Amino acid sequence: MAQAKAAVWKTSNNAYACILAYYTYSRLYMNKNDIVDILEDIAVLLELKGENPFKIRAYSGGARALEAMEENLGEVIAEDRLGSLKGIGSALVDKIQTLYATGELAYYTKLRDSIAPGLIEMLEIPGLGGKKVKKLHDALGVESVDALQKVCELGKVAALKGFGAKSQEKILIGIANRANYAKRHLWWKAHDIARPILEGLRALPEVDRAEIAGSLRRLKETVGDLDFIVASAEPEKIMEWFTEQDTIQEVTARGATKSSIRFESGLQADLRVVPSEQFAFALHHFTGSKEHNVAMRQRALAQGFSLSEWGLKEVSTQELVVGASSEEELFSLLGLPEIPPELREGMGELELNAMPELISSDQIRGVFHNHTTASDGHASIEEMAQAAADLNFDYLGLADHSKASFQANGLDEARVFRQIDEIFRFNESDQSSIHVFSGIECDILSDGSLDLEDSTLEALDYAVMSVHSSFSQSQEEMTKRVIRAIEHPATTMLGHPTGRILLRREPYQIDLEKVIDAAIANRVIIEINANPSRLDMDWRLWRRAAEKGLMCAINPDAHNTEGLSYFEAGVNIARKGGVPKEQILNCRDCAAVAKWFKDRS
DNA sequence: GCCGTTTTCGGCCCGACTGTTTTCAGTCG
């Protein structure tokens with residue numbers, strides 16, 4: 001349901017008008033994902049209409065069936081095979097074909113027009129579903145969140161049959177916290193909250209096993225909520241411990257085997273306690289992703305089994321197959337090698353012949369692209385080097401800003417040479433337990449030229465080139481600009497290639513396919529900027545880019561000593577992208593790195 | 001609205017939890 005709500009939000013009002021105009025005037029066929037969104041919208045709208053729940057389910061089921069279909073939609077329609085998909089009957093065939101061919105659907109337009117947009121927004125309030133929203137609308141004439149707040153404050157909701165004082169209070173709290181609750185959270189911050197809870201759970205004597213599931217376990221860059229899965233024969237005591245954590249703002253559900261809590265940041269956490277024999281299945285199910293689970297269930301069905309969080313059943317007899325004590329065994333029951341959680345995104349991981357070897361943090365020998373007090377950092381060369389040594393690194397790269405980044409106290413030519421000198425003296429001194437490479441984070445100016453003289457860049461060990469200005473250029477201009485910088489002989493690495501700030505700033509327009517090809521052709525490294533708010537370049541692009549030969553560097557972009565530890569977030573992304581260690585510069589020793597800087601091999 | 005079929009319509013995934021009601025409806029995942 002959460003997904004259906006999101007879909008409505010996505011295609012509501014103006015957005016839908018844009019999609020419609022796009023397909024109406026472009027003579028393009030509507031793509032599969034837009035049709036899936038519309039089917040999900042219809043399901044939500046029907047819910048608000050108080051329609052037959054099975055009809056509603058038929059629409060969301062149809063959306064899922066369409067989404068899971070791997071073949072080309074145009075071909076399937078042309079060959080008249082749409083109706084043979086399970087979950088898509090004659091009515092949906094008609095609607096999907098109409099949408100595909102015209103981009104429009106009168107049934108949908110009429111349905112949308114009959115429902116106040118405010119009602120869809122009301123579904124975002126926890127505890128309110130289609131039926132309750134309909135009741136609030138029918139009984140009290142409520143058509144917006146604002147109106148709902150007013151009737152709650154007047155006590156009218158509590159007087160409604162089926163509601164009560166508690167429901168009214170919950171709605172008011174839900175309205176007040178709506179922005180927070182809808183938020184996603186950076187993996188790094190969510191992990192900080194989750195780790196002590198997981199450790200606490202594991203320390204309880206009643207707990208056999210405990211894991212964190214969901215997108216946190218899959219190492220997604222942002223996380224919606226936390227899912228803890230625990231194996232135990234005594235759920236009561238675990239529930240008690242979980243719901244009495246002092247970091248909790250609110251307990252939103254507390255049952256015998258399932259509880260939900262909310263932290264001050266708005267982050268929600270669910271805990272499920274299952275018997276030990278179900279643990280592997282529950283952990284796998286709640287780790288997801290949804291797409292991965294769909295693919296797994298399809299594979300099971302093809303072998304005569306039905307897979308769920310409870311276990312693996314024989315379809316013909318409905319009897320449980322022999323259990324699995326681990327996820328590895330679960331995968332093996334379906335003839336698969338164990339797929340690491342971070343690869344479970346429904347992106348063809350079931351079809352991989354061999355699982356890629358994923359790197360680990362202890363293979364990282366050092367990091368590049370970090371700042372000192374010379375520009376906008378908060379620690380000196382010595383302090384940063386000591387912090388790097390404390391992390392057991394063999395080397396540290398320092399890359400302060402160049403002069404165009406005036407706001408960051410960027411270095412001009414003279415200051416660059418002074419810093420090179422300081423780093424040289426540091427490396428020669430007794431206090432250096434690790435080697436410091438002298439680098440720069442040089443601005444790529446708006447025309448693609450570089451912010452420092454060639455002779456200055458050549459005096460450095462390496463140079464990271466980054467865009468820090470003119471973000472609103474067209475995709476064509478930006479792509480050309482960045483590729484020009486990549487083609488400069490002094491360029492060692494490209495910094496944060498899209499400039500995105502997660503949950504805050506969209507990436508700038510850039511054709512990364514072309515950028516990747518140019519980087520490969522020029523032996524230029526693209527970084528994984530490991531700042532938890534960036535994680536740029538995105539993991540979704542890495543598998544294919546690495547297969548084509550792109551080199552990677554994991555760069556914490558640290559502005560203080562603590563920031564060096566962000567490299568762990570970059571390791572997560574390299575794992576998720578399946579980048580092999582041979583193509584990660586940080587996995588090489590100091591001499592090999594120096595060699596790469598010299599001749600790029 | 002889909003499916004399967006005893007072909008013309010009945011059943012549809014389901015368990016956990018909350019709140020309101022006192023046996024159940026609605027929400028959530």
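Since this is a predicted model, take the numbers as computed values, not measurements. For the numbers below, each heavy atom of this structure counts, side chains included, while hydrogens, waters and symmetry mates do not. Just so we're on the same page: letters track the sequence lines, and every chain starts at 1.
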[X] has a side chain; which of [options] sits nearest to it?
X	options	answer
Phe286(A)	dT18(B), dG26(B), dG29(B)	dG29(B)
Lys86(A)	dC3(B), dG1(B), dA16(B)	dC3(B)
Ala253(A)	dG19(B), dC17(B), dG1(B)	dC17(B)
Thr257(A)	dT27(B), dG15(B), dC17(B)	dC17(B)
Leu92(A)	dC2(B), dC12(B), dG15(B)	dC2(B)
Ala58(A)	dG1(B), dT27(B), dC13(B)	dG1(B)

Rounded to the nearest Å, what distance is computed from the [atom1] atom of residue [X] to the [atom2] atom of nucleotide [N]?
X	N	atom1	atom2	answer
Glu169(A)	dT20(B)	CD	P	11 Å
Leu46(A)	dC2(B)	CG	C1'	14 Å
Phe228(A)	dA16(B)	CZ	P	21 Å
Phe163(A)	dT18(B)	CZ	C1'	13 Å
Lys258(A)	dG29(B)	NZ	P	7 Å
Gln168(A)	dT20(B)	CD	C1'	14 Å
Tyr59(A)	dC3(B)	OH	P	13 Å
Leu128(A)	dT18(B)	CG	C1'	13 Å

What contact category does [X] fall into here, base, sugar-phosphate, or nothing, at under 4.0 angstrom with non-hydrogen atoms?
X	value
Gly62(A)	nothing
Ile88(A)	sugar-phosphate
Gly130(A)	sugar-phosphate
Leu85(A)	sugar-phosphate
Ala165(A)	sugar-phosphate
Lys161(A)	nothing
Ser90(A)	sugar-phosphate

Checklist entry - Could you walk me through whether Glu349(A) and His292(A) pass the side chain to side chain donor-acceptor pair (under 3.5 Å) check? => result CA-CA 8 Å; Glu349(A) 65 272 12; His292(A) 169 82; 2.8 Å; yes
Taking only side-chain N and O atoms of [X], does any of them lie within less than 4.0 angstrom of OP1 or OP2 on [N]?
X	N	value
Arg57(A)	dC13(B)	yes
Ser259(A)	dC17(B)	no
Lys132(A)	dG26(B)	no

Item to check | Derivation of the salt bridge (Lys or Arg N to Asp or Glu O under 4.0 Å) call for Glu244(A) and Arg254(A) | outcome: CA-CA 11 Å; Glu244(A) 283 173 3; Arg254(A) 193 193 189 290; 5.5 Å; no
Checklist entry - Is NZ or CZ of Lys132(A) both nearer than 6.0 Å to the six-membered ring centre of Phe163(A) and within 45° of the ring axis? => result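 The answer is yes; both the distance and angle limits are met.
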Item to check | Arg272(A) to Phe228(A), cation-pi by 6.0 Å centre distance and 45° axis angle | outcome: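 Judged by the rule, Arg272(A) and Phe228(A) form no cation-pi pair.
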Next on the checklist: The criterion is side-chain contact (heavy atoms from CB on, under 4.5 Å); which residues satisfy it with Leu541(A), sequence neighbours excluded?
Outcome noted: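 Testing Leu541(A) for side-chain contact (heavy atoms from CB on, under 4.5 Å), a comparison that skips the adjacent residues, returns Leu512(A), Glu513(A), Met537(A).
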[M] and [N], which share atom name [atom1], separated by this distance in whole Å:
N	M	atom1	value
dT21(B)	dG26(B)	P	13 Å
dT20(B)	dT27(B)	C1'	14 Å
dT7(B)	dA16(B)	P	36 Å
dC12(B)	dT5(B)	C1'	15 Å
dG11(B)	dC17(B)	P	29 Å
dT8(B)	dA25(B)	P	32 Å
dC28(B)	dT23(B)	P	26 Å

Checklist entry - On DNA chain B, nearest-nucleotide positions of Lys131(A) versus Gly255(A): which is more 5'? => result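 Comparing both residues, the 5'-ward one is Gly255(A).
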Next on the checklist: Can you work out whether Gly127(A) or Ala256(A) has the more 5'-proximal nearest nucleotide on DNA chain B?
Outcome noted: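 Its nearest nucleotide being more 5', the pick is Ala256(A).
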Item to check | Proximity to DNA chain B (any heavy atom under 4.0 Å), residues of residues 261-283 of chain A only | outcome: Arg272(A)
Checklist entry - Taking any strand in view, what nucleotide pairs with dT8(B) in a Watson-Crick or G-U wobble way, both distances under 3.5 Å? => result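 For dT8(B), the partner nucleotide comes out as none, under the 3.5 Å rule.
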Next on the checklist: Are more than 12 heavy atoms, taken from residues, nucleotides or ligands other than Glu328(A), located less than 6.0 Å from that residue's CD atom?
Outcome noted: no
Next on the checklist: Within a 6.0 Å radius of atom CD on Glu264(A), are there more than 12 heavy atoms belonging to other residues, nucleotides or ligands?
Outcome noted: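 At most 12 heavy atoms, drawn from other residues, nucleotides or ligands, come within 6.0 Å of this atom.
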Checklist entry - Where do Glu234(A) and Lys237(A) land on the salt bridge (Lys or Arg N to Asp or Glu O under 4.0 Å) test, with the steps shown first? => result CA-CA 6 Å; Glu234(A) 297 176 74; Lys237(A) 287 181 183 161; 3.6 Å; yes
Checklist entry - Stepwise, does the side chain to side chain donor-acceptor pair (under 3.5 Å) test hold for Gln268(A) with Asp270(A)? => result CA-CA 7 Å; Gln268(A) 181 173 310; Asp270(A) 295 341; 3.2 Å; yes
Next on the checklist: Please list all pairs meeting ring pair (Phe, Tyr, Trp, His ring centres under 6.0 Å) that have one or both residues in residues 296-344 of chain A, counting only residues at least two apart or in different chains.
Outcome noted: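 Only His284(A)-Phe331(A) qualify under ring pair (Phe, Tyr, Trp, His ring centres under 6.0 Å).
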